[in-house]
Amino acid sequence: MNNFRLPYHLIVQEGIFEQVDVVMADCVPDIKNKRAIIVTDENLQKLFSQILSALQEDFKDTEIYLVKNNYFDDAVDLAKYVCMNNYQVIIGFGGGTVLDLAKYAAFVSKSLYLCLPTTLSNDSLASPVAVLGTEGKARKSFKCTIPDAIIVDVNVITGAPVRQLQAGIGDTISKYTALIDWKLAYEARNSRVDDFAYMLSKMAFNTICHNDEKELKSSSFIKLLTQALVMGGLAMEIAGDSRPASGSEHLFCHALEENFSEQVNVTHGIAVAMGSYAACIFQNRNIEKITGLLKKYELPVKPSAWGITEEIFVGAWQQAAATRSDRYTVLNETDLSYERLAGIYQEMERIF
């Protein structure tokens, strides 16, 4: 059985970034006196200068560390810097790129890690995995720790582009096919399925599937999406790997990133949502359900809108399984002929 841990806090509230030291005081009483380093990037520093200044004032000794790249070596360099300068708290302030780097550095340096997202584009804010660049344009998932606290300021999230919220929705919708791939792996290879992790990931999907809130930037929807993304991340923590949230649809995304990055630059959450449509067909699932969700949230999953041609679409699916050769999915047992994949591509072009 996998040993897992949970965050001290999950708080979603307006203006909460002004009270980080206060809300953390109950679980870390002397947090104001600990050396803290705020990890962000130059663009976010300009956009949120007042919030970052207020955060610095909340801690006795604080520095802002600007991220330039999201590579494994950058995360290791940050961990080394934290250790050499005796920082005890790492505050990740940003989107997935910043948060993954800060999260891995906290894991290596064994620091307290507070996650302050500025966008809700994927479930990495709560997952025990950091996706970092390696050689060239390839990225790899590295196991690490989950945050000690996840603090979401509704005022900040509402200021983010709707496209980023749609990416977070897409990442959640992709669990529809990821969970079935997990079951297929159990049937084919007797890979263990953790029932509690499975249930939590399914709850994340259902939160978005059965939501009636139409306004994506409303406080109530932001709270729902945060809960869904956190449930997905915690499901991975409980399972001990990413199977509750990552199946053939994610392999399609990896193939786009690793083999077609020069031609295509599609957001992770949108790419996995796009992949879920085809994966649903491969799994002989109810395609109307996934189609309805993609349309309900107006997710931009039309391949050509992202520069994905028929050839790239087919190539990505045919190379998808090779991106994680140890991961059994429906791709190991379905027809991936050019004719079939081209037909799905044309179908998506018509529908979306």
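Positions are given from 1 along the sequence.
Asp41 places no side-chain N or O within donor-acceptor distance of the main-chain N or O of Leu66, the cut-off being under 3.5 Å. Remark: side-chain polar atoms of Lys175 are not paired, donor with acceptor, to backbone N or O of Phe205 under 3.5 angstrom. Panel note: side chain Gln166, backbone Glu298; a donor-acceptor pair is recorded below 3.5 Å. A donor-acceptor pair under 3.5 Å is absent between the side-chain atoms of Ser304 and the main chain of Gly307, judged by distance alone. With Ser325 contributing its side chain and Ala322 its backbone, the two residues share no donor-acceptor pair below 3.5 Å. Remark: the backbone N or O of Ile308 is not paired with any side-chain donor or acceptor of Gln263 at under 3.5 angstrom. Formation of a donor-acceptor pair under 3.5 Å by the Lys296 side chain with backbone atoms of Asn211 is found in this model. Checking side-chain atoms of Thr329 against main-chain N and O of Leu331 turns up a donor-acceptor pair under 3.5 Å. Side-chain atoms of Thr158 come within 3.5 Å of backbone atoms of Val154 as a donor-acceptor pair (strictly under, hydrogens ignored). Checked by atom type and distance alone, the side chain of His9 pairs as donor or acceptor with a backbone atom of Val23 at under 3.5 Å.
In this structure, Lys103 pairs ionically with Asp100, as a charged nitrogen and a carboxylate oxygen lie closer than 4.0 Å. Remark: Lys32 does not engage Asp30 in a salt bridge, criterion side-chain N to carboxylate O under 4.0 Å. Using a 4.0 Å cut-off between a side-chain N of Lys or Arg and a carboxylate O of Asp or Glu, Asp148 and Arg5 qualify as a salt bridge. Salt-bridge check for Arg324 with Glu258: passed, with a basic side-chain N closer than 4.0 Å to an acidic carboxylate O.
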- Task: Kindly determine whether Ser276 and Glu249 satisfy side-chain hydrogen bond (donor to acceptor under 3.5 Å, both in side chains), including the steps that lead there.
- Result: CA-CA 5 Å; Ser276 286; Glu249 74 295 320; 4.7 Å; no
- Going through the distances and angles, do Thr207 and Thr172 end up as a side chain to side chain contact (heavy atoms under 4.5 Å, CB included)? CA-CA 9 Å; Thr207 296; Thr172 305; over 6 Å; no
- Item | Derivation of the side chain to side chain contact (heavy atoms under 4.5 Å, CB included) call for Met274 and Phe252 | CA-CA 9 Å; Met274 189 187 299; Phe252 169 73; 4.1 Å; yes
- Can you list the steps and then say if Asn259 with Gln319 is a side-chain hydrogen bond (donor to acceptor under 3.5 Å, both in side chains)? CA-CA 9 Å; Asn259 302 304; Gln319 298 174 61; 3.3 Å; yes
- Could you walk me through whether Asn122 and Val131 pass the side chain to side chain contact (heavy atoms under 4.5 Å, CB included) check? CA-CA 12 Å; Asn122 59 63; Val131 180; over 6 Å; no
- Task: Let me see the working for Leu114 and Met24 under side chain to side chain contact (heavy atoms under 4.5 Å, CB included), right down to the final yes or no.
- Result: CA-CA 9 Å; Leu114 311 184; Met24 288 301 301; 3.6 Å; yes
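In this structure, Ala102 and Leu78 approach most closely via the heavy-atom pair CA-CD2, 4.3 Å. For Ser174 against Ala245, the heavy-atom pair with the smallest separation is OG-O, 4.2 Å. Closest approach of Ala239 to Trp182, counting heavy atoms only: CB-CH2, 4.0 Å. For the pair Ala320 and Ala255, the tightest heavy-atom approach, listed with the atom from each and the gap, is CA-CB, 3.9 Å. What you find for Ala273 and Leu294 is that their closest heavy atoms are CB-CD2, 4.0 Å. Annotation for Asp335 and Arg340: closest pair O-NH1, 3.0 Å, computed over non-hydrogen atoms.
Ring planes of Tyr81 and Tyr65: tilted class, angle from 30 to 60°. A tilted orientation is assigned to the rings of Phe107 and Tyr104, their planes being inclined by 30° to 60°.
At a threshold of 4.5 Å between side-chain heavy atoms, the hydrophobic network of Ile, Leu, Val, Met, Phe, Trp and Tyr places Val129 and Ile238 in two separate groups. Cluster membership check: Val272 does not share its hydrophobic cluster with Ile270, using side-chain heavy-atom separations under 4.5 Å among Ile, Leu, Val, Met, Phe, Trp and Tyr. With hydrophobic clusters built from ILVMFWY side chains whose heavy atoms lie under 4.5 angstrom apart, Met348 shares a cluster with Ile173. No continuous path of ILVMFWY side-chain contacts below 4.5 Å connects Ile16 to Leu224, so the two sit in separate hydrophobic clusters. Put simply, Ile37 and Val98 are part of the same group of oily side chains (I, L, V, M, F, W, Y) that touch within less than 4.5 Å, one to the next.
Residues Pro303 and Glu349 are in side-chain contact: their nearest non-hydrogen atoms beyond the backbone lie under 4.5 Å apart. Residues Val152 and Ile11 are not in side-chain contact: their nearest non-hydrogen atoms beyond the backbone lie 4.5 Å or more apart. In this structure, Thr226 and Leu10 have side chains that are in contact, with non-hydrogen atoms separated by less than 4.5 Å. Contact check for Thr62 versus Ile38: side-chain heavy atoms found under the 4.5 Å cut-off. No side-chain heavy atom of Thr334 sits less than 4.5 Å from a side-chain heavy atom of Gln283. Between Ile169 and Phe221 there is a side-chain heavy-atom pair separated by less than 4.5 Å. For the pair Tyr297 and Leu216, the minimum side-chain heavy-atom distance is below 4.5 Å. Looking at heavy atoms from C-beta onward, Leu179 lies in side-chain contact with Lys202 at the 4.5 angstrom threshold.
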Counting only pairs under 3.5 Å, give me each side-chain donor-acceptor contact of residues 44-61, with atom names and distances, residues two or more places apart or in other chains.
residue, atom, partner, partner atom, Å
Ser53, OG, Ser49, O, 2.9
Asp61, OD2, Arg35, NE, 2.6
Asp61, OD2, Arg35, NH2, 3.2

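Atom NZ of Lys143 sits in a sparse spot, with 12 or fewer heavy atoms from other residues, nucleotides or ligands closer than 6.0 Å. In the displayed structure, Asn69 atom CG is contacted under 6.0 Å by more than 12 heavy atoms of other residues, nucleotides or ligands.
Between Trp317 and Phe282, the distance separating the two ring centers is shorter than 6.0 angstrom.
Atom CG of residue Asp194 and atom CZ of residue Phe4 lie 8.0 Å apart, to the nearest 0.5 angstrom. Ser127 contributes atom OG, which lies 12.0 Å from atom CG of Asp241 (distance to the nearest 0.5 angstrom). A distance of 7.5 Å separates CD in Gln13 from NZ in Lys223, rounded to the nearest 0.5 Å.
Between the side chains of Arg243 and Ser191, no donor-acceptor pair of N or O atoms lies under 3.5 Å. In this structure, a donor-acceptor pair under 3.5 Å is absent between the side chains of Ser121 and Gln164.
Checking each of Asp123, Ile150, Leu234 against Leu229 for a side chain to side chain contact (heavy atoms under 4.5 Å, CB included) leaves exactly one that passes, namely Asp123.
Cation-pi check for Arg285 over Tyr176 is met; the charged atom lies under 6.0 angstrom from the ring centroid and within 45 degrees of its normal.
Note on residues 325-352: pairs passing ring pair (Phe, Tyr, Trp, His ring centres under 6.0 Å), not counting sequence neighbours, are Tyr277-Phe352, Phe313-Tyr345.
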